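First up is the structure itself, then whatever we jot down about it.
Bear in mind that the values here come from a model prediction, so they are computed numbers and not experimental data. Keep in mind that the numbers below use all heavy atoms, side chains included, and drop hydrogens, waters and symmetry copies.
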Amino acid sequence: MLNHPDLLLDLAHDRHRELIAEADRGRLLSMARMVRRGRKARSARGRPAGTLASCEPSAVVPAR
């Protein structure tokens with residue numbers, strides 16, 4: 001089978017555009033994840049971490 005040179009060049013250009021688009025999607029997703037992690041860290045900074053009791057030492061009642 002003989003391939004026309006312009007067809008091969010078009011296929012190569014299409015593949016190159018696909019690779020660029022895939023890299024752009026990857027960069028966008030990683031940026032969105034980074035921003036989301038930053039928002040979670042900022043929002044949790046001013047609030048209690050959960051429902052667990054604090055780690056303060058408890059008062060010891062003297063025995064009689």
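- The salt bridge (Lys or Arg N to Asp or Glu O under 4.0 Å) analysis of residues 26-38, with sequence neighbours excluded, yields the pairs Asp24-Arg27.
- Rounding to the nearest 0.5 Å places CG of Leu29 at 12.5 Å from CE of Met34.
- Every salt bridge (charged side-chain N to carboxylate O under 4.0 Å, His left out) that Glu18 has, sequence neighbours left out, goes to Arg15.
- Within the structure, salt bridge (Lys or Arg N to Asp or Glu O under 4.0 Å) contacts touching residues 3-12 (residues at least two apart or in different chains) do not occur.
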